[in-house]
Every structure is written in C-alpha cells, then in structure tokens.
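Below is one structure, written out as structure tokens; comments come after it.
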Amino acid sequence: MRDEETSGAGEADGSEPSRAQQPEAPDQAEAQDQAAAPDHPDDERETIVLDAQPDPTPDESAVTPTKKKRHRGRRAVLIAAAALVLLAGGYVAGAWFLGDRVPGETTVAGVNLSGLPGEEAERVLTESLSEQTQAPVDVSFGEVTAEIDPAGAGLRLDAAATVDSVTGFSLHPRRVFGHLFGLGEQDPILDVEQDELTSALNGLAENLDEPPVEGAIAFDDGEPVITEPVVGAGVDIDAAAETVAEHWLRTEEPIELPATELPPTIDEDVVETAMTTQVEPMLSGPVTVEVNEESTELSPDELVAAASVQAEDGALELVLDGEPLANLITERLDSVGESPRDARIVLSDGEPTIVPAVTGTGLDPAELAAAVTDAAVASEADERTAAVELAQTEPEFSTEDAEELGVTEVIGTYRTPYPFDPVRTENLVAGTSHINGTLLLPDEQFSLLDALRPISTANGYTVSGVVVNGFHSDAIGGGLSQVSTTTFNAAYESGLTDITHQPHSRWFSRYPEGREATVFDPSIDMVFENNTGYGVLIQAYVTDSEVVVTMWGTDVFDVNIDVSGRYNFTEPQTLYNPDPQCHPEPGGQQGFSVSVSRTVTRGGDMVEDDSYSWTYSPWNRVVCGEEPRDEPDDDDEDSDEE
C-alpha cells in the first residue's frame, strides 16, 4: 500500500511525467487494476485526493524564439511600407513639381524643347516650324512630283496640344522618368480638316492620275482599227489622305501617295466580243434587202460606210445609219419611193436656215437600220437577209417643229487665237467640224467628248502636244482643249447651264484666266445644258488665226461675269522627268489662284448664280532625266577626315 501511495504522490507533484508514466487508456488501467487486485474481493483500495495546483505564472520578460521572429517581421513590414510611402510621395511630388516643363532630351520635328516651360515651348515650336508649316508639301506619284498647299489642304500644327502631350501633371512612368532620362523625338500633333485635305487631293489627282485608255473600234478604208485598252493608275484618295496626315512634319519629303488601278470600262474582252460577234460577221459578206418582191444587196464596204461602233453601258454596239442605206436602196429599186426626211436647221451663208421636212413614201430609215443590223451580224448565210416594207411615214421632226425652236439670233460667241502649229491646227479643224451644226433642243445637254469621239486618226485627228501629269507630252488630238475652251466660253456667255468643266492645270495666255476648259478622253469632259426654252445651234470653225464658236437661238438672258484678280502666287520649281518621251521646258511663269462668278437673269428673275475658284500650277522648269544626287567631292572628303 505504501508503494502505491508513494507512486500516486509522485504523479500529483508539479513535475511532468515521462512518456512511460503517462496515464494509460481507461481500458488498459482497468485491466491492470483487475490484475493487481488480490483475490480478496472484500479488500478496498485506498484513494488519495490531491489538491489542484494552479498553472505557474508565465514570465512576461521571457520571449520565445517564435515571438522574436514575429516582432522582426512586423518591423520589416512597417519599414518597407514607410519606404514605399516616401517613394510614392516623392514620385508624385516630382511629377507635380516637374509637370509644367518639357522633359529633358525632348525634340519635336527636330525642334529642341528640353526643359522649357509649357508656354515657352509652345512659342518656340510655333516659331521654329512656321516656315515648314507654310511651305508647300512635296508629294510624289510614281515618277511625278507635285505640291500641296498645307493651308488649303487643312493641314495645321496644333502646337498647344503637342506641348500638352509632354507637359502637365502625369503619373505615367514614361513621363516621370522622361524628366530623368529624356523622352527623345516626339511626333507633332496635327489639326487636320479631312474634307479640305480630301478636296485638295482630288484636285491634285486630276493632274496626277493616268486615266485608262478605253478600248475602241473604228473603221479606216473599210477596215476595223482597234484601240487597245490600257489600265490607268490613280491616286487612292482615302489612303493618300491618311498617308499625308501621318507623314507631314514627321518624315522627309516627298511623301509617296498610294495608287490604285483605274481599269478601262471597255477592256480587251469587250473589244474581242464586239469584233467576233458584230464587226467580223458584218464584214464577212453582203446583206440582202428585200422590199416587197424586189431585192438588192448591200456590200460590206457599203455597210462599213454607214457603220460605227459605240460604247454603251460598258459594251460596244454596232450602229448603222439608216439614212444612207435607205438612199442606196431607193436609187436601186424602182418600187421604192422617197424616204421621210426630218426638217433641219443648217447654217447657210453663216446664218441658220430651215430645210423643210419631207413625208416619206418608201423606207423608214430606223426600221431599215434595225433590220440590216440584225442580218449583218448573223453568222449563217441564209440569215443575212433583211425584209422591210414600204410605208407612208411622217418625219419625226417637222418643219413646224423647227420653226418653233426660234433659232434666229446670236446669243453668245467667243474667239481664241491659236499658235502657228500646222499639225495641231489639223486637230482644231477636225474638232470644230465635229461640233459645227449641232442642234440642242430645250433641256438637252451637250457633251463635247460625245461630239468629238472617237478621237482617233480614222476620225480626222493627228498626234500633237498635250499636258499629261503636269508635263508636256504628245497624244492623238492635242489641241482639242482649245476647241473645248472656246465652246465653253460661248456657252458661258450665253447663260447656258454649266454642268461640268475643268480648267487646265497651268494657265495658257491665249485663254481667259479661270474661264477655260480642258478635255481628255475619257475622264475629263465639258458639258452644258440648253436652259433657254428654245433651240440652240452651235456654229464652230477655224479662221487663219482663231477658233470661233457661236451660239444661235433666242436671246432671253442677261449675263454678268466677274473674274477676280490673281492671288495665292506660287513660284516655279525645277522638276526632273525620267520619261523617255520627256520634253524639256524652260518654265518661269508663276502659279496663282483666280475666282469666277456669273449671274444669269431673265426678266429680272435669277436663273443661274454660280461661282468657282481655280488654282493654276506654275510653269516649272523641266529637266529630262533622273534627279542628280548630291555627292561630296574629294576636297569635302579630305576636310571631313581632317
């Protein structure tokens, strides 16, 4: 019993028992009690109750290693946070303090603005780039160079926005560290008026574009003559506007303008189709014309004499004139009477004269032309017969119709002198002959290109001088712009409605400033409309020294035309043209702008009130060949080495 008590007292002491002395699990203790109990069940075991001992009071001065680490971590965090706050405060303070100045090592379009206050930087930038922002912008298109007036094209430097982009309070690292390490070259910010820039490029493209050559078929001595189509190249206006806005004041000029193809409407396939399905069948043999019980043949040469191939909605169509064909058949067949003839207003002894209409007792020219055309393009020989009937036909334009048109007096006339150039004069004679005698009905439009076409040697034209892409060149029909200019002025002074016209790219002294019109097939036409309510007859001819165009009709308008003085002068430059067909030019004449306005009244009421402006390029000096490159001479090289 004492051993058990001693053992129990030892466990109740404040010392921790060893792992072997740890209390055993209930089951195990119970088993040990049973094993140790004597065989005398009546004996009771002595139970000793010990007083509970309180936990020892911890020593607050004693710090365990874990607590030491915890205190050190908190201290490090507090120090780091304080450092970050100080750095952030310094960052913000530095950004605020330096914000009103341009960072060091900063240039814009080559102008050094480093360290300048905002207002001073704006002044320096504006003054330093003033000459550059006002100078013409050099652009190139292929081998040709040209200029754009930045003010007229809506190109402006926004100096304030440019300086603002590199100054002012900002926490952006690039700006803040730029004050320490420099920003380097910065792009200027531009104020671009897109509509003005697009308009300027459109005007420039009219001189830079290389229009496509439309395929055509004409007849010369009974044989078809093909004009091969050629793809043109034009300025891509939208892309060019982006390019100019992106590179102006940023990159070295000239700025290359992007191009787009200008495919011809009448291409090789269209020409080939017209040849194989229309022209070649027409030339393959005669066409038989049956009238009642009689018949006659029209030979290929007779068909060609009445034939033309005209462009229509992107296709080429064979067109036969029924009048000469009807006259041939009337001469050969006794049963055929006279064809109907429209009344005509012709120029006789220099004045309009009405040729009365004739009622027909024979063939209808329009019906005959349609029937012969169908037969002429047939591939089978048994289908090459045109059957027509005699008819009592009235003319479409009667004598009374002609009289009501009131073509009785001069309503406008204009003359332009031409230089001595026999080859060019041939084109003037051919051009005026194609428009002379043209009658415009009320509200009808006159297209000069439609009247002159086809512009080919088969139609009386020859090769002469033209201006293409700002350079002198040679082309069929050179000089027809004088026919256009003279006709435009006669119509303009008559008060007729100006539908479209385009002055030359540079001014020729034989024409009135601003009041002239070039023409270039197929892209540049001159069109006006008869707005008089009466007929208008065009008279055009060439004298020994002048081209003359007169408009006959009924004078109903009061016309007032005003032309401004010259302004916006530009100086000629030296251009290099590597084209093998280049013509050198001495140049020398300034470019300039001019404005034209016109009022047309009728009985005091306004009928037309139009105005326009035009800018002529200077007559540049043109040197044939590539532009020479600047190369240092030997002395310069020696000097550099020293």
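Quick note: numbers below take in every heavy atom, side chains included, and nothing from hydrogens, waters or symmetry partners.
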### Query
Do you know which two heavy atoms are closest between Glu626 and Pro578, and how far apart they sit?
OE2-CB, 3.5 Å
### Query
Can a cation-pi geometry be assigned to Arg566 and Phe592, taking NZ or CZ under 6.0 Å from the six-membered ring centre and within 45° of the ring axis?
yes
### Task
Find out whether Thr265 and Glu214 are in side-chain contact, i.e. whether some heavy atom of one side chain is under 4.5 Å from a heavy atom of the other.
yes
### Query
Considering only heavy atoms from C-beta outward, does the side chain of Glu571 approach that of Pro618 to under 4.5 Å?
no
### disulfide bond (SG atoms under 2.5 Å apart) pairs, two or more places apart, involving residues 483-513
none
#### Entry: Between Thr599 and Asp609, a side-chain donor and acceptor under 3.5 Å
no
### Message
Please check: side-chain N/O of Gln194 versus main-chain N/O of Ala241, any donor-acceptor pairing under 3.5 Å?
### Response
no
### Query
Any side-chain donor-acceptor pair under 3.5 Å between Ser140 and Glu256?
yes
### Task
Please tell me if the side chains of Tyr534 and Val556 come closer than 4.5 Å, counting only heavy atoms from C-beta onward.
yes
### Task
May I ask you to test the Asn459-Leu452 pair for a side-chain heavy-atom distance under 4.5 Å?
no
### Message
Checking Ser433 against Tyr541: is there a side-chain donor and acceptor pair closer than 3.5 Å?
### Response
no
### Query
Less than 4.0 Å between a side-chain N and a carboxylate O, is that true for Arg515 and Glu493?
yes
### Query
Would you call Asn560 and Arg598 a side-chain contact if the rule is heavy atoms closer than 4.5 Å?
no
### Message
If you define the side chain from C-beta out and look only at heavy atoms, does anything of Thr497 sit under 4.5 Å from Phe528?
### Response
no
### Task
Decide, yes or no, whether a salt bridge links Asp521 with Arg453 under the criterion of side-chain N to carboxylate O below 4.0 Å.
yes
### Query
Are His504 and Tyr616 an aromatic pair by the rule of ring centers under 6.0 Å?
no
### Message
Between Arg123 and Glu127, does any side-chain N to carboxylate O distance fall below 4.0 Å?
### Response
yes
